[in-house]
Student: 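Please see the structure below; I have some questions.
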There are 2 protein chains.
Amino acid sequence: MKMKTLKYSRQRESIIEYLKDRTDHPTAEQVYQNVRIEYPNISLGTVYRNLGLLSDMGRVLKISCGDMAEHFDPNTHEHYHFICTDCNSVHDLEMESIDFINTLASKSFSGEIQGHTTYFYGKCKDCK
Amino acid sequence: MKMKTLKYSRQRESIIEYLKDRTDHPTAEQVYQNVRIEYPNISLGTVYRNLGLLSDMGRVLKISCGDMAEHFDPNTHEHYHFICTDCNSVHDLEMESIDFINTLASKSFSGEIQGHTTYFYGKCKDCK
DNA sequence: CTGCATGCAAATCTTTTGCATAAGA
DNA sequence: TCTTATGCAAAAGATTTGCATGCAG
């Protein structure tokens with residue numbers, strides 16, 4: 001993977017700033033709508049380009065929860081996600097690590113297992 | 001959920017037949033291209049409509065592996081998936097159940113956890 | 001200056017839908 | 001005959017890309 005030198009950009013900075021303390025896993029569209037308040041001329045393309053960069057750099061997580069759009073999570077330390085099957089909201093789950101399931105999986109696979117992604121699902125407290 | 005009566009259709013049958021012994025988790029487009037050999041006039045819309053039905057009926061699994069398109073799996077008995085981070089292929093992982101992680105997750109969540117989806121990732125045997 | 005980043009729009013891709021017609025039951 | 005299914009094409013939603021211009025280093 002080629003790592004090109006990044007230059008500062010106020011737009012990227014604003015995206016990072018917006019994401020920083022979110023725990024609601026916004027989509028690119030939501031990021032766009034919010035960063036737009038500060039930079040009315042920013043374009044959706046720029047938002048996508050930067051979210052892609054940040055995700056490649058490992059500064060944000062991409063979450064594919066099957067609801068068509070990608071969601072983004074600024075929390076990159078180990079944690080899991082819960083997805084409500086009613087309202088499609090995505091919640092953080094700060095639980096003990098279950099990385100040992102990689103070992104369990106290794107026993108049944110000839111490739112090389114490097115990690116896993118687990119999404120828990122059910123009804124969130126507002127929907128049950 | 002309203003269950004309307006299904007009528008037989010040769011197109012749907014052909015889709016089911018095609019999917020039946022696949023283990024390579026094809027996308028809607030791939031299903032389309034193949035069913036087209038037998039039914040040249042089938043439309044992509046019909047393929048999507050039927051895959052949606054089958055998925056709602058629980059006869060196939062929808063797999064969102066973050067590569068833009070949904071993949072479909074005719075194997076509905078409990079198993080897991082491995083996604084190659086190099087070639088994006090999806091492999092079945094017939095391993096012992098790890099449903100007990102639902103209980104682990106419950107301890108850290110106030111909603112109601114009904115299940116989980118786990119994708120393991122790494123490099124498959126052809127890519128390592 | 002030089003090259004990465006942006007804005008804008010057009011282009012892609014995937015999936016959904018409306019509607020007139022065909023085909024099961 | 002009644003209702004669901006299909007084909008086709010248009011629409012919709014998400015993401016990418018080409019290009020001329022702007023801005024950081």
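In what follows, every heavy atom counts, from backbone to side chain, and hydrogens, waters and symmetry copies are set aside. Per chain, numbering begins at 1; letters A, B, ... match sequence-line order.
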Student: Hey, are B:H91 and B:S89 close enough side-chain-wise for a donor-acceptor pair under 3.5 Å?
Tutor: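 Side-chain D/A pair, B:S89 to B:H91: present.
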Student: Starting at the 5' end of DNA chain C and moving along, which residue's nearest nucleotide shows up first, A:S9 or B:Y48?
Tutor: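 So the residue in question is A:S9.
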Student: Hey, are B:Q11 and B:S14 close enough side-chain-wise for a donor-acceptor pair under 3.5 Å?
Tutor: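 Side chains of B:S14 and B:Q11: no pair found under 3.5 Å.
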Student: Round to the nearest Å and state the distance from B:Q30 atom CD to C:dT14 atom P.
Tutor: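 Spelled out: CD on B:Q30 to P on C:dT14 is 10 Å.
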Student: B:E29 CD to C:dT16 P: how many Å, rounded?
Tutor: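 To the nearest whole Å, that distance equals 14 Å.
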Student: Check every nucleotide of DNA chain D for an atom under 4.0 Å from a heavy-atom of chain A, then give the first and the last such nucleotide from 5' to 3'.
Tutor: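 Taking any atom under 4.0 Å from a heavy atom of chain A, the span is D:dA14 to D:dG25.
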Student: Does A:Q11 have a side-chain nitrogen or oxygen under 4.0 Å from the phosphate oxygens OP1 or OP2 of C:dG7?
Tutor: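 Checking A:Q11 against C:dG7: at least one side-chain N or O falls below 4.0 Å of OP1 or OP2.
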Student: For B:H71 and C:dT15, what is the distance between atoms NE2 and C1' respectively, to the nearest whole Å?
Tutor: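 Whole-Å distance recorded here is 14 Å.
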Student: Apart from A:M68 itself, which Ile, Leu, Val, Met, Phe, Trp or Tyr residues share its cluster (side-chain heavy atoms under 4.5 Å, direct or through members)?
Tutor: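 Noted: A:M68 shares its cluster with no other residue.
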Student: Will you find, in the side chains of A:N34 and A:E29, an N or O donor that is under 3.5 Å from an N or O acceptor?
Tutor: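 Judged by distance alone, the side chains do not pair up.
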Student: If you fit an axis to the five pairs at each end of the helix from C:dC1-D:dG25 to C:dA25-D:dT1, how big is the angle between those two axes, to 10 degrees?
Tutor: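 It comes to 30° between the two terminal axes.
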Student: What is the separation between atom CG on A:L44 and atom C1' on C:dA10, rounded to the nearest whole Å?
Tutor: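 Going from A:L44 (CG) to C:dA10 (C1'), I get 14 Å.
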Student: Roughly how many Å is it from CG in B:D56 to C1' in C:dT16, rounded to a whole number?
Tutor: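 Interatomic distance, CG of B:D56 to C1' of C:dT16: 14 Å.
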Student: Please report the distance, rounded to the nearest Å, between CG in B:L53 and P in C:dG24.
Tutor: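 Taking CG of B:L53 and P of C:dG24, I get 16 Å after rounding.
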Student: Hydrogens and angles aside, do A:S106 and A:T103 bring a side-chain donor and acceptor to less than 3.5 Å of each other?
Tutor: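 No, no side-chain donor-acceptor pair sits under 3.5 Å.
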Student: May I ask you to check whether A:D24 and A:H71 show a side-chain donor-acceptor distance below 3.5 Å?
Tutor: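 No, because no side-chain N or O of A:D24 sits under 3.5 Å from a partner of the opposite role on A:H71.
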Student: Under 3.5 Å, is there a donor-acceptor pair linking the side chains of B:E70 and B:S64?
Tutor: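 There is such a pair between these side chains.
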Student: Name the residue closer to the 5' end of DNA chain C, choosing between B:L6 and B:T27 according to the nucleotide with the nearest heavy atom.
Tutor: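 Its nearest nucleotide lies further toward 5', so the answer is B:T27.
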Student: Taking the nucleotide of DNA chain D with the closest heavy atom to each, which residue, B:N41 or B:M68, is nearer the 5' end?
Tutor: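 Residue closer to the 5' terminus by nearest nucleotide: B:N41.
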Student: Start with the C-alpha gap between B:F82 and B:F120, add the side-chain angles, then the distance that decides, and say whether ring-ring contact (aromatic ring centres under 6.0 Å, His included) holds.
Tutor: CA-CA 5 Å; B:F82 173 90; B:F120 292 94; 8.1 Å; no
Student: Nearest-Å distance, CG (B:L54) to P (C:dT15)?
Tutor: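 After rounding, the gap between these two atoms is 15 Å.
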Student: Indicate, yes or no, whether a donor-acceptor pair under 3.5 Å links the base of C:dG7 to the side chain of A:R49.
Tutor: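 Result: at least one qualifying N/O pair found.
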Student: Going by side-chain contact (heavy atoms from CB on, under 4.5 Å), A:L51 matches just one of A:I15, A:T27, A:D56. Which one?
Tutor: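 The option that passes is A:I15.
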Student: In whole Å, what is the span from the NZ atom of A:K7 to the C1' atom of C:dC1?
Tutor: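 It is 10 Å, rounded to the nearest whole Å.
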